[in-house]
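Working notes for the structure below.
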Amino acid sequence: MLRKFLLTTAALVGITAMAHADEVEVLHWWTSGGEAAALDVLKKDLESKGVVWKDMPVAGGGGEAAMTALRARVTAGNPPTAVQGLGFDITDWAKQGALGDLNEVAAAEGWDKVVPTALQNFSKYDGKWIAAPVNVHSTNWVWINKAALDAAGGKAPETWEEMVAVLDKMKANGITALAHGGQAWQEATMFDAVVLSMGPDFYKAAMIDLDPAALSGDKMVEVFNRMAKLRSYVDDNFSGRDWNLASAMVIEGKGGMQMMGDWAKGEFLKAGKKPGVDFVCIRFPGTQGAVTFNSDQFMMFKVGADQQKAQLLMASAIENPSFQSAFNVVKGSVPARTDVPNDAFDDCGKKGMADLAEANTKGTLMGSMAHGHAAPAAVKNAVYDVVTRHFNGEMDSAAAAAALAEAVAAAKG
Ligand code: BGC
């Protein structure tokens, strides 16, 4: 009897061990309601393929905290299987030789032909696929409560002046006109859109080419003036607020609008809200026809031979066209491949896909500074610092433009 019990237990343990052979440990910062719902699509997809999911969430939009946690794991010689990463951070890890090689699956599935070049620039290093792109987000969006917009005249703003007029009306109507979370990355997200509203050429000169004249000149002073104007529409409790709580204010009608990447749409959908009915999505006024993008990619770290099968399975599952549709419909983003039909997407998603294609053709598709696609982390952090200090009233607009040029020059090294 005892022997039989022991044998059965051993068999069970064996089965468990076998199951765990196909395990992926995934580090990410998708912890809000909408993000978790999207993550669940990936988790379930992998589980249906027999892959065990070991979750390692590190909260914090923009991923700064997640990247700190990652450094600790890599330093300890024990990286997770797959890690959510943005733009230049991926390249940095590749340069350090920390990432694996997905070429086998990428070649078999023809990723080169369907993943846009703007993403491949980060998914590949030295001819090798090192990350699997999940989506394309963009930061130059505004999410408006429909009833609050109707009460403010009903017309979605198309210019900076029209937007200020709507914000004024919302404020007069007694709501928080601009729902905002006072965290550096959130201010930087808004800054992406405000810089882009001065023209895609200016965005490119300042945020991508890091041209000192653009960073310190009159247009940048005007960008900071606009940021200060936006600051006048936030409520007293904005400091430190998480982005999804700012989304919740707009969802509930306590806030008029939020200027945030399209992950905000994930929150509206999770709350059962419908675009065009409960909320309106527009490009930040003055940025129509241009897009500041960021793409979440899963960086695949160098792991032992025992984990490689599951890692490749995960990479392949992510690039599957039906997964790309199912996941991005929930996440608020758009697919990372050009051949995914838009049928399942709502109007904001369809607009996101069309805007991306248009910007790509016109040469107005720009990497987001706030989300790591314009410059490496040192420069990004320098921008965060100046933008947030100015937003919090520590310096005026002229001083901020001068400080920005100086901080970026120092960070560039
Ligand atoms: C990521 C999004 C995420 C957002 C807020 C961005 O950097 O690209 O996927 O939803 O941060 O957490």
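In listed order, ligands and their atoms are each counted from 1.
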Discussion item. So which atom in E358 and which in G289 form the shortest heavy-atom distance, rounded to 0.1 Å?
Written reply: OE2-CA, 3.7 Å
Fill in: Shortest non-hydrogen contact between L210 and M369, atoms and distance
CD2-CE, 4.0 Å
Item to complete: Verify the distance criterion only: is there a donor paired with an acceptor across the side chains of E35 and H28 at less than 3.5 Å?
Response: no
Item to complete: Examine the proximity of ligand 1 to L86 and report which part, side chain or backbone, both or neither, has a heavy atom under 4.0 Å away.
Response: side chain
Practice prompt. Can you sort out which atoms of ligand 1 are near W243, meaning under 4.0 Å from one of its heavy atoms?
Written response: 5 (C), 12 (O)
Item to complete: Within a distance under 4.0 Å of any heavy atom of G61, pick out the atoms of ligand 1 and give their elements.
Response: 5 (C), 12 (O)
[Y] and [X] aromatic ring geometry - parallel, tilted or perpendicular at 30°/60° bounds:
| X | Y | result |
| --- | --- | --- |
| F279 | F268 | tilted |
| F122 | F88 | perpendicular |
| W263 | W185 | tilted |

Worksheet item: Any N or O on K331 sitting closer than 3.5 Å to an N or O of ligand 1?
Response: yes
Worksheet entry | Min N/O separation N294 to ligand 1 under 3.5 Å | yes
Worksheet item: Under a heavy-atom criterion of less than 4.0 Å, does G62 contact ligand 1?
Response: yes
Discussion item. Students should be able to answer this: which protein heavy-atom is nearest to atom 6 (C) of ligand 1, and at what distance?
Written reply: H371 ND1, 3.5 Å
Fill in: Protein residue, atom and distance nearest to atom 9 (O) of ligand 1, heavy-atom basis
D296 OD2, 2.6 Å
Discussion item. So if I apply the salt bridge (charged side-chain N to carboxylate O under 4.0 Å, His left out) rule between D235 and each of R241, K171, K254, which one comes out positive?
Written reply: R241
Worksheet entry | From the candidates H28, M260, E35, the one that places a heavy atom nearest atom 12 (O) of ligand 1 | E35
